[in-house]
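Since the structure comes first, as structure tokens, the remarks are kept for the end.
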Amino acid sequence: MTGRLTASRAREIVASRGFRLTIRIVVGGGVLVAVVARVGTGPFVHGLLSLDAPAIGAAIVFAAIATAAAAWRWQLIARRLGVALRWSTAVKMYYQSQFLNTVLPGGVVGDVQRAVDHGRNADSVAKAARAVVVERTVGQVVQLGLTVVVLAFFGAEYEGFLFPVIGIGLAALAVGALAATVASARFRRALRHEVVEVRAGLGSPAVSAQVVGASIVVVACHVATFAVATTAVGVNVPPVQVVTLAIVVLLAASIPLNVGGWGPREGVAGWAFAVAGFGASAGVSAATLFGVLAIISIVPGVIVTRLASVSSRRNHRDRPTVRDVELRHLPRWVPRHRAPAEARTLERSGLRSGR
């Protein structure tokens, strides 16, 4: 009995949110320490000092386009799942979500927040959360597909390492899902339900094409931002090669073992640039500036959407209601009361006497 209780308790600890957050912080922080031990702090400082106005402006533009596309993707999926929301609202919530994901450990706090907020507005937190999960999953799948395509055509130097890693990761996920499916009827039901929800969220081929197109735009904007960071730190990389490097770094950044995005991104960037012949320090500098630009580029959108929300609430509060307007014009609608008529004497018949 004690052994069973201990195993059950261990499973609860492993499945807890605190444990997962701790693992992310430990792994992400450990990778950063390893990178600093390998290249020193100079590349990080160089990346920070390379920040300039043109890079910030370009990053803001690319972030705005990516956010608009991602919000559209979310809107399409949410509508299919019965929790529709306006595109402007989706953009506002997506900006806030990205900001929280960037500055807080784990990288999912913002997604949880927008799922809860949308669910409360739509009176269905479960459906709203499912829409966010489907939207993020589709985005990750499209990014992984683009990574495979780019590496297959332009990344021969990385295929021998990354393709086995991707294959092992996918195989591990498949084996884990298969084992859980065989061992747990509850997991089988949950898996079937998720498959049904994904199909419902993507809907028709036309909607699926729009969702995939929006995801490609998002990845392209991130690649462009990384290219801006690479140029700003003074590394001259041919366009095709910078796309390959960016795709590799973005793949590392999507690993959910980081501290606000930091950790694997810088480590893999140093390795990728070294393999390509540009040096590990150049990769770390580019990844550092890319991380800083990712944060800065979101802040203006958050501020603008916040101000718009405050202004909208203020206008709604100050706008007179229909009742207020009716009461204001009521004196013109109601006829004026005349002075009471003078009382007349009654005759014996009970009729008033005429004049």
Atom pair [atom1]/[atom2] of [X] and [Y] - distance to nearest 0.5 Å:
X: L85; Y: D117; atom1: CG; atom2: CG; answer: 11.5 Å
X: E135; Y: L76; atom1: CD; atom2: CG; answer: 10.5 Å
X: S281; Y: F44; atom1: OG; atom2: CZ; answer: 9.5 Å
X: K92; Y: T67; atom1: NZ; atom2: OG1; answer: 14.5 Å
X: I296; Y: I56; atom1: CD1; atom2: CD1; answer: 4.5 Å
X: F226; Y: T231; atom1: CZ; atom2: OG1; answer: 10.0 Å

Using a 3.5 Å distance criterion without hydrogens, assess whether the side chain of [X] forms a donor-acceptor pair with backbone atoms of [Y].
X: S97; Y: M93; answer: no
X: Q143; Y: L250; answer: yes
X: Q96; Y: G110; answer: no
X: S254; Y: L251; answer: yes

Greater than 12 external heavy atoms within 6.0 Å of D52's CG = yes

Of all the heavy-atom pairs spanning [X] and [Y], show the shortest one and how long it is.
X: R73; Y: G139; result: NH1-CA, 3.4 Å
X: V233; Y: S285; result: CG1-O, 3.7 Å
X: V242; Y: T230; result: CG2-OG1, 4.1 Å
X: G155; Y: T244; result: CA-CG2, 3.9 Å
X: V218; Y: A66; result: CG2-O, 3.5 Å
X: A70; Y: Y94; result: CB-CZ, 3.5 Å

Between [X] and [Y], is any pair of side-chain heavy atoms under 4.5 Å apart?
X: V237; Y: F278; answer: yes
X: V228; Y: L289; answer: no
X: N121; Y: T89; answer: no
X: L151; Y: V248; answer: yes

What about [X] and [Y], same hydrophobic cluster or not, with Ile/Leu/Val/Met/Phe/Trp/Tyr joined at side-chain heavy-atom distances under 4.5 Å?
X: L146; Y: V149; value: yes
X: L32; Y: V45; value: no
X: V217; Y: V134; value: no
X: V150; Y: V249; value: yes
X: V284; Y: V33; value: no

Trace of the side-chain contact (heavy atoms from CB on, under 4.5 Å) decision for E157 with Q241 | CA-CA 11 Å; E157 62 268 39; Q241 203 164 10; 4.1 Å; yes

Going through the checks in order, is the side-chain contact (heavy atoms from CB on, under 4.5 Å) test met by L293 and L51?
-> CA-CA 8 Å; L293 289 175; L51 187 67; 3.5 Å; yes

Step by step, would you call T288 with W262 a side-chain contact (heavy atoms from CB on, under 4.5 Å)?
-> CA-CA 8 Å; T288 300; W262 300 83; 4.1 Å; yes

List the steps, then state whether side-chain contact (heavy atoms from CB on, under 4.5 Å) holds for V235 with F273.
-> CA-CA 10 Å; V235 184; F273 273 68; 4.2 Å; yes

Tell me whether the centres of the aromatic rings in W271 and Y158 are closer together than 6.0 Å.
-> yes

